[in-house]
Amino acid sequence: MHSDRASLGLKIAAAAGLLFMHLPILLIFVYAFTTEDKSYQWPPPGYTLKWFSVTWERPDVWEALSLSLRVAAISTVVALVLGTLCAAAVSRTRFFGREAISLLVILPIALPGIITGISLRSAFNLADIPFSFWTIVLGHATFCVVVVYNNAVARFRRTSGSLVEASMDLGANMFQTFRHVILPNIATALLAGGMLAFALSFDEVIVTTFTAGQQQTLPIWMLEELVRPRQRPVTNVVAMVVVLVTFLPILGAYYLTRGTEMVAGQGK
Amino acid sequence: MTTAIAFRQVSRHYGTVRAVDAVDLEIAEGEFFAMLGPSGSGKTTCLRLIAGFERPTAGEVEIFDKPSGAVPPYRRPVNTVFQDYALFPHLNVRDNVAYGLMIAGVARAERHRAAEEALSMVALPGYAARKPAALSGGQRQRVALARALVNKPKVLLLDEPLGALDLKLREQMQVELKSLQRQLGITFVFVTHDQSEALSMADRVAVFNEGQIQQIGCPQDIYDRPNTPFVADFVGSSNVLPPEMVERLTGKRASASLRPEALRLQADGYAAQVIEKAFLGAVTRLTLDIDGQKLAMLLPKGEEVPEKAATVHIGWDEDALHLMEQRDA
Amino acid sequence: MTTAIAFRQVSRHYGTVRAVDAVDLEIAEGEFFAMLGPSGSGKTTCLRLIAGFERPTAGEVEIFDKPSGAVPPYRRPVNTVFQDYALFPHLNVRDNVAYGLMIAGVARAERHRAAEEALSMVALPGYAARKPAALSGGQRQRVALARALVNKPKVLLLDEPLGALDLKLREQMQVELKSLQRQLGITFVFVTHDQSEALSMADRVAVFNEGQIQQIGCPQDIYDRPNTPFVADFVGSSNVLPPEMVERLTGKRASASLRPEALRLQADGYAAQVIEKAFLGAVTRLTLDIDGQKLAMLLPKGEEVPEKAATVHIGWDEDALHLMEQRDA
Amino acid sequence: MPEVAVSSPASRGLSDRLSDLLWSRQGLLILLLILPPALWLGIIYLGALFALLAQSFFSIDPFSGLINYEFTLRTYGELFRAANLDIIVRTVLMAGCVTIAAMIVGFPVAYYAARYARGKWKALFYLGVMLPLWSSYLVKVYSWKLILAKEGILSWLFETLHLSWLLDAYLLLPVVGGNSLSVSWTGTFLVFLYVWLPFMILPTQAALERVPPSMLEASGDLGARPGQTFRHVLLPLALPGIVAGSIFTFSLTLGDYIIPQIVGTSARMIGQAVYQFQGTAGNIPLAAAFAVVPILIMGVYLYIAKRMGAFNAL
Amino acid sequence: EMLTAIGEGEGQLNIVAWPGYIERGETAAEFDWVTGFEEKTSCKVNVKTANTSDEMVALMNEGGFDLVTASGDASLRMVAGKRVQPVNTALIPSWDTLDDRLKEAPWHYVDGTHYGVPYMWGPNVLMYNTEVFSDSAPTSWNVVFEAMNLPDGQPNKGRVQAYDGPIHIADAALYLMAHKPELGITSPYELNQEQYDAALDLLREQRKLVSRYWHDAFIQIDDFKNEGMAASGSWPFQVNLLQGDNAPIASVIPEEGATGWADTTMMHVDARNPNCAYMWMEHTLSSNLMSDLSVWFGANPAVPAACSDGRGMQTAEGCTKNGFDDFDRISFWQTPVSQCESQGECVPYYRWVSDYIGVIGGR
Ligand SMILES: Nc1ncnc2c1ncn2[C@@H]1O[C@H](COP(=O)(O)OP(=O)(O)OP(=O)(O)O)[C@@H](O)[C@H]1O
Ligand SMILES: Nc1ncnc2c1ncn2[C@@H]1O[C@H](COP(=O)(O)OP(=O)(O)OP(=O)(O)O)[C@@H](O)[C@H]1O
Ligand SMILES: [Mg+2]
Ligand SMILES: [Mg+2]
């Protein structure tokens with residue numbers, strides 16, 4: 001049946017769905033070029049490129065961007081480590097509480113972010129932990145673990161256990177096996193998971209609002225900027241640049257993971 | 001003669017499942033040893049106990065007369081060819097084969113040379129740069145073999161290595177494996193559920209059923225003198241005659257096995273009715289009914305094939321009827 | 001005799017891959033028809049063309065003398081037993097079997113009764129409530145069969161249905177399938193790469209290679225009078241003698257096939273050297289070297305088995321040497 | 001042949017010895033693997049969660065806004081006031097509608113991407129779903145405000161097409177209508193749907209991709225028309241993926257406080273209530289009690305999802 | 001505990017403030033009263049804006065700030081909650097320049113102790129669209145409370161807004177004070193159950209007119225531009241900004257009077273930068289701040305001289321326009337408490353909070 005053609009109705013529905021997802025983004029792009037800076041007016045009264053240079057010269061953009069990048073990078077690393085460990089443990093054995101662990105991992109993303117945020121904030125207050133870079137990371141890593149975990153656990157499930165045994169059989173100890181067999185085989189899954197985690201962290205507002213104290217990550221900066229506009233198109237420029245800059249990595253990750261899906265699949 | 005592998009009352013239970021149950025076994029160095037048995041009879045578990053992926057719940061596996069209890073897989077002089085090959089998908093054929101040597105710290109040039117050598121041993125030179133995904137089943141199997149052989153293990157474990165190949169390729173690989181084993185003098189422990197494979201290749205065969213060894217012996221013994229009805233039935237689909245019938249024929253009350261090829265048309269023999277016939281190429285298999293008992297008979301090519309529902313008269317040599325000890329199968 | 005299925009110069013190409021290439025074929029109603037061939041020879045593609053999952057790129061598939069071009073799969077009087085069974089994992093065995101009836105709008109009670117009946121036909125009563133995941137391979141295969149049979153199709157397509165079963169179960173299922181087919185009178189189109197399976201079960205066999213039919217005929221014909229070296233080699237591993245050798249023996253220049261079981265020890269025969277021997281139970285297979293040409297020979301049980309490297313003298317009946325038309329294999 | 005002793009007493013590296021230890025004590029290995037994530041999630045996350053929940057049993061001094069650390073159920077009593085129940089019902093309804101709509105809108109996209117798109121098209125669909133995920137949530141929400149405003153793009157579009165009467169007629173409808181789309185429930189709903197749609201498509205597509213094509217062929221072979229195949233085979237098999245997606249859409253809607261604040265009728269949703277009680281009102285006990293509501297709802301939801309095998313499809 | 005001498009500045013200062021209250025020239029370059037302070041004292045000013053009084057209280061309860069510009073409905077709560085500390089007026093040289101009407105105002109002067117320095121005050125004006133009202137200013141709050149046709153012939157339904165904070169109940173009470181004298185309301189912040197219920201009823205009627213409550217000054221500005229809003233209670237701040245954008249907007253204090261805010265700079269009990277805090281408090285009184293802010297925000301300075309002495313942009317007429325002389329027509333925000341002065345038992349603020357959420361939710 002896969003060789004059949006899709007029906008016209010399906011094609012239209014799918015195209016409409018995609019269109020629905022993209023028109024507002026196009027709008028963001030358009031407003032990055034508008035000449036009107038106080039409010040948004042449709043259609044834009046004129047077009048200009050000046051907001052790009054304005055954005056370039058705004059130190060607060062760079063500060064927020066740099067904070068966001070650092071937070072996302074560190075959170076992703078933490079999530080990669082925790083998620084991989086968890087996936088390894090859960091997929092390799094049937095131990096007591098395995099179910100509980102997988103539920104626990106899913107919980108931070110299954111419960112609304114505001115709950116995670118408030119819980120962490122009140123916990124920080126109770127424990128007298130001042131807000132800092134690390135409190136943001138703490139929040140982000142918590143909900144990023146699940147993305148890495150899901151990707152890794154699926155790959156672990158597909159990578160047959162006999163690969164590990166084959167490696168040990170050929171004389172590699174646990175660490176060598178991890179280095180030479182497990183890691184290369186889950187690498188692309190981790191990459192995909194890591195990318196998602198990074199994206200999730202990079203765009204997070206809800207939890208961050210509660211764990212950031214006075215610092216501004218890029219989304220918080222945007223919230224501030226959107227509500228109290230100085231130069232509204234600047235936020236659009238930032239949003240647009242983020243989309244464009246991430247375009248290639250997303251595509252790259254897609255081709256990377258797709259290629260290895262097939263290789264990993266050969267283990268029957 | 002050195003004993004390469006010995007099982008001393010080895011059991012491996014999973015909860016209530018007795019995958020391997022009080023098995024005693026000795027495999028001599030240099031032997032080609034086959035483990036034969038139906039699916040789920042514990043063959044793979046035995047191999048895994050030898051390789052060290054599983055630990056016995058009772059008993060002891062000895063490797064070259066030393067207890068292996070605490071020895072991890074990566075320190076056993078044993079290599080495995082896995083049922084699903086377990087080739088590393090991220091490494092090319094050369095690196096797959098050289099993996100064990102890399103781990104052992106052999107220099108790059110040296111191990112590449114050894115890998116090439118092993119590959120030509122399995123008739124796969126020129127495939128070194130391919131990824132496993134680009135190989136056919138038979139080729140993968142041979143890479144898995146080369147990967148194990150390159151480490152010059154003392155014992156090579158093979159878990160149904162030919163299971164996925166088609167008949168033609170399988171027969172060809174059987175011959176190759178056998179001659180490789182002779183040439184290298186390595187102990188082979190070979191798991192299969194295909195009786196003709198076990199019989200044709202092994203020096204000795206252990207027939208497994210439900211975690212226990214039913215019989216150990218050379219192929220001829222297993223085939224001609226099965227210990228139990230299970231062995232008789234499983235190895236070569238022998239006819240198993242029930243004790244009542246045997247009593248009528250010989251006076252002794254015991255089950256007996258009777259090979260289909262031992263039956264022949266014989267004018268003064270027992271009357272039997274043909275209920276099914278199947279042309280198998282070299283022979284024709286008849287299914288006969290003799291006093292309510294079904295018997296299989298192989299008619300060599302050239303003899304005239306009776307029609308379905310016809311009555312034929314059959315007989316067999318006295319000594320073809322092999323009496324068995326009574327044991328549950 | 002009605003023609004159930006006819007291929008008229010049917011081709012199915014995928015880009016440059018000629019999966020099926022200008023095939024002509026007629027299958028009579030009520031026939032047990034086997035498609036035999038190595039992996040990738042186009043057998044499955046032929047079945048899919050009949051079932052309607054694929055459309056020919058050229059030619060026409062006729063079903064009961066009607067062109068089937070525009071008929072979707074769900075309107076063809078044809079059911080398929082898939083190679084991987086394709087049981088619906090979310091339905092239990094009963095609902096799987098009753099699926100076709102449910103689609104046809106048969107009332108619940110009625111279709112459950114029919115499902116139970118079909119299940120007992122394949123010897124699986126009492127499994128109705130299980131999910132497919134809880135069945136063994138052989139059981140799944142039988143459920144797939146019941147699921148197809150319950151719809152009383154006019155033609156049943158079976159794609160290597162016994163491929164995953166072990167020998168014992170396979171033989172048993174072969175007998176069952178065969179008797180089921182007789183009993184129901186349904187046309188069976190059976191795909192396999194196991195020659196003994198095809199020979200033992202089918203009324204007629206088509207041997208495929210690279211998308212083309214090499215030979216169609218009854219099992220005896222295929223086995224004894226192969227048209228091409230490919231068929232000779234593939235079906236029963238015949239010895240194929242090269243034209244030069246045949247010329248020396250008979251004077252005619254053509255390839256010829258010679259069955260391993262047609263060879264016999266004969267004091268005044270050709271001298272040959274034993275290079276390999278394998279005990280197969282009922283027979284022993286010798287690999288001989290005769291003037292640099294390898295020949296396989298089956299030695300029946302009872303004859304004395306020569307040692308390796310010994311020289312033996314062999315011969316064969318004149319008519320065992322079957323000359324073939326020259327064609328690329 | 002290198003002589004490999006069965007157990008060589010020769011000196012070995014640290015990693016070797018550690019490896020031996022881990023091999024002989026598999027339990028230890030698992031423990032080491034599970035310990036860091038369990039500590040992180042179990043202590044930091046669950047700990048924080050319980051700390052929050054514990055506060056729901058305190059109360060707040062109505063005048064100074066300071067927490068009175070004494071056990072009381074008064075806060076829960078407040079939770080059950082009609083105004084608060086309204087908030088809960090309203091939010092759950094919205095989350096349900098958004099989830100269902102996301103299934104309906106997302107399914108064709110996922111289905112097409114999984115079953116028909118090949119090669120370049122497949123990559124395009126992938127990008128098409130991932131890019132919105134990567135573009136700033138806030139900016140997207142604001143761009144919707146522009147689209148939906150009374151003098152926004154949609155009105156402009158309707159006007160250009162001379163269809164303003166249609167929009168006006170719709171806005172006159174009770175409940176879903178309003179002064180303009182951006183201050184109506186329809187607007188809130190649309191923005192939610194838009195923002196969470198990729199979270200529905202991704203798992204649905206993954207689940208659809210896992211359905212072997214032979215299942216669909218088998219169904220067709222047994223006489224089922226494409227529609228029947230969809231209903232009886234494809235949908236049940238893809239369901240875990242859809243349920244997994246719905247966990248996201250449902251939970252995200254349940255807890256969001258930014259969207260209803262920017263687009264909507266000002267009537268509170270749970271997220272806003274929690275945010276307001278916590279942040280602007282400083283009434284942490286009531287915020288905590290409110291937080292219990294989505295936790296309970298998601299608990300039930302997760303339980304059902306788990307029974308349907310959705311966790312494996314997340 | 002009260003500081004007795006000002007020492008070296010700590011280098012920074014964290015302030016919670018209303019939006020628009022502390023500008024450093026980002027929005028409009030000419031409005032800057034921070035840069036000078038930072039240069040002079042080396043105290044770097046960090047501002048956290050809060051949109052409602054409740055949010056301010058919550059932020060102060062949480063801590064981490066030195067100062068807050070608290071309105072009357074927040075200040076007493078913080079005093080009672082011991083979140084703010086008494087201020088030593090002796091350390092503020094310009095204290096005497098303060099408006100006498102504010103020096104001992106009850107929202108920061110408790111039991112003979114000063115808990116802050118008055119900052120800025122102003123009315124909650126009725127903002128309206130001049131095109132809709134064809135330049136004849138509305139005279140009563142009824143345009144936002146009662147269903148009617150506006151001068152442009154269209155109904156007001158859907159075209160008015162109200163403040164998204166519980167304190168808006170007081171606006172309703174103020175309206176009732178004028179239109180239902182039989183209820184006997186004397187202060188819109190001190191309502192007994194009956195008066196309170198009447199106010200809520202009025203607000204429920206208003207709910208039918210309001211399509212969205214305003215919560216954030218800038219969102220309200222957007223709404224007046226893009227959503228076709230006609231009238232709403234608002235701050236002069238929004239009026240100024242909209243007029244600055246040439247929007248057809250004006251404002252008025254209607255005949256019923258208006259609620260209003262009078263803000264006080266208060267200092268957190270645990271302020272980490274007390275020296276900078278005192279310097280800032282002095283700065284608020286003595287610099288261009290009062291004057292410029294009163295222009296910027298449309299409010300009145302706590303230092304009367306700032307209206308006329310030219311230290312900033314404000315002029316005497318400007319102050320008059322901002323309602324400097326209307327002090328008595330304004331009911332300043334206070335926190336409603338249950339033991340109220342005018343009558344025995346009043347509905348306390350926490351009830352206001354939850355009931356107002358209910359009203360907005362349509363209950
Ligand atoms: N990890 C396990 N947990 C529980 N039972 C197991 C486990 N591994 C094997 N078994 C059970 O032990 C029995 C023997 O399994 P084993 O794999 O050794 O069979 P086998 O002879 O290799 O069969 P096959 O020919 O199918 O590979 C089976 O019943 C199997 O279900
Ligand atoms: N969808 C497809 N696209 C491209 N090539 C295909 C496709 N389907 C089949 N082929 C090719 O067509 C040829 C015949 O395939 P087919 O599946 O019919 O073989 P088969 O005889 O059934 O083999 P097997 O015994 O391995 O199942 C193969 O070379 C295969 O790679
Ligand atoms: Mg096995
Ligand atoms: Mg096939």
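Since we're looking at a predicted model, the values are computed, not measured. Just so it is clear, the values below take in all heavy atoms, side chains as well, and ignore hydrogens, waters and symmetry mates. Chain identifiers are assigned alphabetically (A, B, ...) following the order of the sequence lines, protein sequences preceding nucleic acid strands; residue numbering begins at 1 within each chain.
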Is [X] in contact with chain A via its backbone, its side chain, both, or neither, using a 4.5 Å heavy-atom distance?
X: Ile262(D); result: neither
X: Leu18(D); result: both
X: Ile258(D); result: side chain
X: Tyr111(D); result: side chain

Taking [options] one by one, which has the highest count of heavy-atom pairs under 4.5 Å against chain D?
options: Leu104(A), Val147(A), Thr177(A); answer: Leu104(A)
options: Ala13(A), Ala141(A), Pro24(A); answer: Pro24(A)
options: Val145(A), Val238(A), Leu107(A), Val242(A); answer: Leu107(A)
options: Leu138(A), Thr116(A), Val243(A); answer: Leu138(A)
options: Val105(A), Leu111(A), Leu218(A); answer: Leu111(A)
options: Pro108(A), Ala16(A), Ala123(A); answer: Pro108(A)

Quick one: which of [options] has the most heavy-atom pairs under 4.5 Å with chain A, could you say?
options: Ile44(D), Leu32(D), Val109(D), Leu22(D); result: Val109(D)
options: Ala291(D), Gly299(D), Pro198(D); result: Ala291(D)
options: Ala123(D), Ala38(D), Pro294(D); result: Ala123(D)
options: Tyr45(D), Phe107(D), Phe250(D); result: Tyr45(D)
options: Leu254(D), Leu131(D), Asp256(D), Val105(D); result: Leu131(D)
options: Tyr194(D), Phe125(D), Phe290(D); result: Tyr194(D)

Answer yes or no: is there a donor N or O on one side and an acceptor on the other, between the side chain of [X] and the main chain of [Y], under 3.5 Å?
X: Tyr257(D); Y: Val274(D); value: no
X: His22(A); Y: Gly128(D); value: yes
X: Ser19(D); Y: Phe175(A); value: no
X: Glu165(A); Y: Ser167(A); value: no
X: Gln272(D); Y: Tyr275(D); value: no
X: Gln176(A); Y: Asn173(A); value: yes

Passes side-chain hydrogen bond (donor to acceptor under 3.5 Å, both in side chains), Ser251(D) versus Tyr301(D)? Steps please.
CA-CA 9 Å; Ser251(D) 143; Tyr301(D) 205 105; over 6 Å; no
Nearest 0.5 Å please: distance from the CE atom of Met222(A) over to the OG atom of Ser136(D).
4.0 Å
Value for CE (Met240(A)) from CG (Leu26(A)), rounded to nearest 0.5 Å, stands at 10.5 Å
Can you find a heavy atom in the side chain of Tyr137(D) that is under 4.5 Å from one in the side chain of Leu223(A)?
no
